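Here the structure is laid out as structure tokens; the discussion comes afterwards.
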Amino acid sequence: MTLEEGPQSFRVRAYENALHGVRAHRGDLRALSVKELAAIEGIGKSTAQKIREFFDTGRVTRLEELRRKFPPAYVELSRIPGLGPRTLARLRSELGIESVADLRRAIEARQLRELPGLGEKTEANLARAIERLGLAGKHRRTPIAEAMPVAERVAAALAALPDVSHAEVCGSLRRLRETVADIDIVVASAAPQVVMERVAGVAEAVEVEGGGRKASLRVGGAAGGLQVDVRVVEPHQLGAAMIYFTGSRQHNIALRQRALERGWTLNEYALKEIAGGRVIASRSEEEVYGALGLPFIPPAMREGQGEIEAAEAGALPRAVAEEDLRGDLHLHTTYSGDGHSSLEEVVAEAAARGYRYIAITDHGEDLVMNGVSRERMLEQRGRIAALQERYPDLRILHGVELNIGPDGGLDYDEEFRRGFDWCVAAVHSHFDLEPARQTARLIAAMRDPTVNVIGHLSGRRIGRRPGIDFDVDAVLDAAADTGCAIEINSALPRLDAAAEVLLRARDRAVTFVISTDAHHIGELTRTRWGVRHATRGWVPPDAIANTWPAPRFLEWAATRRR
DNA sequence: GCCGTTTTCGGCCCGACTGTTTTCAGTCG
């Protein structure tokens with residue numbers, strides 16, 4: 001669609017709005033008629049017909065037409081940065097360019113500069129963009145686990161520059177999206193020229209744009225590195241700028257519409273009156289949301305999925321905070337082959353964090369490389385009992401991370417499993433079974449009387465390995481039915497269960513647990529990602545069992561195995 | 001493509017930068 005009319009086209013936005021309507025819809029879309037589909041917010045007659053056609057035939061005629069009109073080689077051209085739909089259409093009609101190879105030849109033959117509106121500079125820029133395609137194509141995305149450390153390092157370096165009051169990671173990274181196209185950092189400084197002069201010191205390559213407030217850096221060695229866009233604003237503009245650069249685009253559009261309804265306009269500098277230009281709010285995000293009659297909306301919820309309406313109605317769940325967590329229920333020690341901190345170190349770290357309860361959960365014996373035998377498990381249990389006496393305010397549960405076999409079988413035997421205080425069960429193998437078997441496998445584990453929680457539900461590694469394919473609704477129903485909790489795994493490469501799964505659980509009585517799955521004491525701080533990921537899935541704090549006071553939590557944990 | 005008591009057409013969020021212009025179109029975020 002973008003090829004035909006440009007990404008800003010209203011038709012593109014209409015399709016995006018329709019997508020949000022589909023996502024927000026509760027219940028089975030398949031059962032709806034065209035008329036019923038068209039009644040959904042954002043979906044009109046045309047899109048309703050396409051959806052119905054897809055359910056009935058498995059195809060969409062219009063989509064197939066577009067694919068014929070824009071074959072893959074041509075679509076590839078649209079990935080080149082700086083080459084938009086209008087120029088592309090001209091290149092096709094006037095020079096017959098149908099592929100990246102065609103374009104390269106046309107540039108070498110100096111044909112582009114002959115077209116009105118294009119020149120030598122454009123030719124050179126496109127040539128350079130083609131060279132970097134693959135490294136920096138428009139659709140290249142980096143897993144959050146790679147991007148976040150880079151972003152935090154650059155932001156810290158910028159924050160340390162003179163005359164800088166804030167340097168904040170914004171963009172999709174702040175919203176905790178699983179993959180990001182680039183890194184956006186907003187810097188507050190009254191001396192932008194100083195920042196621009198020094199910015200070269202924090203990255204390998206820098207392009208400062210003409211305005212003197214914007215710089216593009218390339219940082220990190222792997223696969224051509226990451227693009228970091230740095231934007232310097234006046235300190236009093238920080239709030240408006242952070243909203244603007246955090247997005248999402250859909251969220252910002254909705255905010256601006258809201259501003260217009262009040263006779264105001266919102267941009268990256270301020271919320272102000274259209275008539276006269278008086279500034280209403282700009283300094284902090286809270287101020288801007290407040291002026292628009294809204295509570296602060298957590299970045300992780302800013303996806304244009306109805307959060308503004310929910311916030312206005314007071315129906316947005318409170319974002320769970322790290323301070324809400326009273327325990328960590330997925331922790332490894334050196335007993336696991338892949339653990340790097342001793343039992344004593346892990347317990348001491350948990351106590352230092354002020355936790356009231358934790359579960360030590362080393363791998364069950366079925367995990368060949370890293371599993372723990374019965375004998376070693378019993379030995380660990382003895383050490384935990386001894387350690388418990390030194391930590392009267394911290395209840396140490398002896399747990400285990402069980403492996404869910406291809407048919408739902410678990411480690412040891414039921415009697416031995418009943419000896420643990422807490423059982424996490426998780427998939428570590430057989431990722432390629434058909435969905436029906438994966439679903440049955442997960443549900444079988446949930447029905448096991450010793451299993452408290454399913455760990456990293458899909459087993460995915462973001463950007464590296466897809467998770468298992470299973471029936472989300474059936475698994476969530478089983479979670480609500482059995483009382484077996486679902487883990488919110490805080491590790492950035494996992495963030496599992498996925499946010500879409502968490503959102504799907506909204507209408508069900510599913511219990512969650514935010515865990516770090518730490519293999520080293522330095523990883524207990526991962527809770528900061530876990531709480532943000534839970535927020536992204538709109539999970540209310542009370543649905544998260546490890547926010548509960550110890551008596552309630554321990555009672556609940558013990559109930560499953562009676 | 002969607003939407004609507006300003007309803008079946010004409011609106012739809014905002015601004016910066018670039019390259020090519022000499023007032024603007026295209027691209028991007």
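First the proteins, then the strands, lettered A, B, ... as listed; each starts at 1. If you're wondering where the values come from, they're calculated on a predicted model, not measured in any experiment.
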Across all strands shown, which nucleotide pairs with B:dT8 by Watson-Crick or G-U wobble geometry, both distances under 3.5 Å?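 Paired with B:dT8, as far as the under-3.5 Å criterion goes, is no nucleotide at all.
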How long is the line joining [atom1] of [X] and [atom2] of [N], in whole Å?
{"X": "A:R249", "N": "B:dG15", "atom1": "CZ", "atom2": "C1'", "value": "14 Å"}
{"X": "A:I183", "N": "B:dG29", "atom1": "CD1", "atom2": "P", "value": "14 Å"}
{"X": "A:W264", "N": "B:dC14", "atom1": "CH2", "atom2": "C1'", "value": "18 Å"}
{"X": "A:M196", "N": "B:dA16", "atom1": "CE", "atom2": "P", "value": "15 Å"}
{"X": "A:L271", "N": "B:dG15", "atom1": "CG", "atom2": "P", "value": "12 Å"}
{"X": "A:L126", "N": "B:dT20", "atom1": "CG", "atom2": "C1'", "value": "14 Å"}
{"X": "A:Q250", "N": "B:dC12", "atom1": "CD", "atom2": "P", "value": "17 Å"}
{"X": "A:Q227", "N": "B:dC28", "atom1": "CD", "atom2": "C1'", "value": "11 Å"}

Those residues that, when tested against A:E114, pass salt bridge (charged side-chain N to carboxylate O under 4.0 Å, His left out) (two or more places apart):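 None.
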A:R504: which residues meet the salt bridge (charged side-chain N to carboxylate O under 4.0 Å, His left out) condition with it, sequence neighbours left out?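 Partners of A:R504 under the salt bridge (charged side-chain N to carboxylate O under 4.0 Å, His left out) test: A:D473.
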Could you work out which one of [options] sits closest to the side chain of [X]?
{"X": "A:A14", "options": "B:dC2, B:dG29, B:dT27", "answer": "B:dC2"}
{"X": "A:R13", "options": "B:dC14, B:dC12, B:dG1", "answer": "B:dC12"}
{"X": "A:Q257", "options": "B:dG26, B:dC12, B:dG1", "answer": "B:dC12"}
{"X": "A:T47", "options": "B:dC14, B:dT27, B:dG1", "answer": "B:dG1"}
{"X": "A:K214", "options": "B:dC17, B:dG15, B:dC12", "answer": "B:dC17"}

Step by step, would you call A:R302 with A:S248 a side-chain hydrogen bond (donor to acceptor under 3.5 Å, both in side chains)? CA-CA 6 Å; A:R302 298 181 196 170; A:S248 65; over 6 Å; no
Is any side-chain nitrogen or oxygen of [X] closer than 4.0 Å to OP1 or OP2 of [N]?
{"X": "A:N17", "N": "B:dC2", "value": "no"}
{"X": "A:Y269", "N": "B:dA16", "value": "yes"}
{"X": "A:K50", "N": "B:dG1", "value": "yes"}

Go through [range] and report each residue with a non-hydrogen atom lying under 4.0 Å from DNA chain B, sorted by number.
{"range": "residues 163-175 of chain A", "answer": "none"}
{"range": "residues 282-299 of chain A", "answer": "none"}
{"range": "residues 114-125 of chain A", "answer": "A:G117, A:L118, A:G119, A:E120, A:K121, A:T122, A:N125"}

Quote, to the nearest angstrom, the [atom1] distance that separates [N] from [M].
{"N": "B:dG19", "M": "B:dC12", "atom1": "P", "answer": "30 Å"}
{"N": "B:dT8", "M": "B:dC14", "atom1": "C1'", "answer": "29 Å"}
{"N": "B:dT6", "M": "B:dG10", "atom1": "C1'", "answer": "12 Å"}

Closest nucleotide of DNA chain B for A:I253 versus for A:I43: which of these residues is on the 5' side? A:I43
First encountered from the 5' end of DNA chain B, between A:R231 and A:G82: A:R231
Just do the side-chain hydrogen bond (donor to acceptor under 3.5 Å, both in side chains) check on A:Q227 and A:D229 with the steps written out, would you? CA-CA 6 Å; A:Q227 174 159 331; A:D229 290 335; 2.9 Å; yes
Quick one: sort the A:H251 and A:Y289 rings into parallel, tilted or perpendicular, breaks at 30° and 60°.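 The arrangement is tilted - the two ring planes meet at 30° to 60°.
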Are A:R59 and A:F54 in a cation-pi setup, meaning NZ or CZ lies under 6.0 angstrom from the ring centre and within 45 degrees of the ring axis? no
Within a 6.0 Å radius of atom [atom1] on [X], are there more than 12 heavy atoms belonging to other residues, nucleotides or ligands?
{"X": "A:K50", "atom1": "NZ", "result": "yes"}
{"X": "A:R198", "atom1": "CZ", "result": "no"}
{"X": "A:R67", "atom1": "CZ", "result": "no"}

Return the NE2 to CG distance between A:H25 and A:L37, rounded to the nearest 0.5 Å. 8.0 Å
Look up atom CD1 in A:I488 and atom CG in A:D496, then write down how far apart they are to the nearest 0.5 Å. 10.5 Å
A:H533: partners by ring pair (Phe, Tyr, Trp, His ring centres under 6.0 Å), with sequence neighbours left out: none
Does A:R11 pair with A:E16 as a salt bridge, N-O distance under 4.0 Å?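 No, no charged N to carboxylate O under 4.0 Å.
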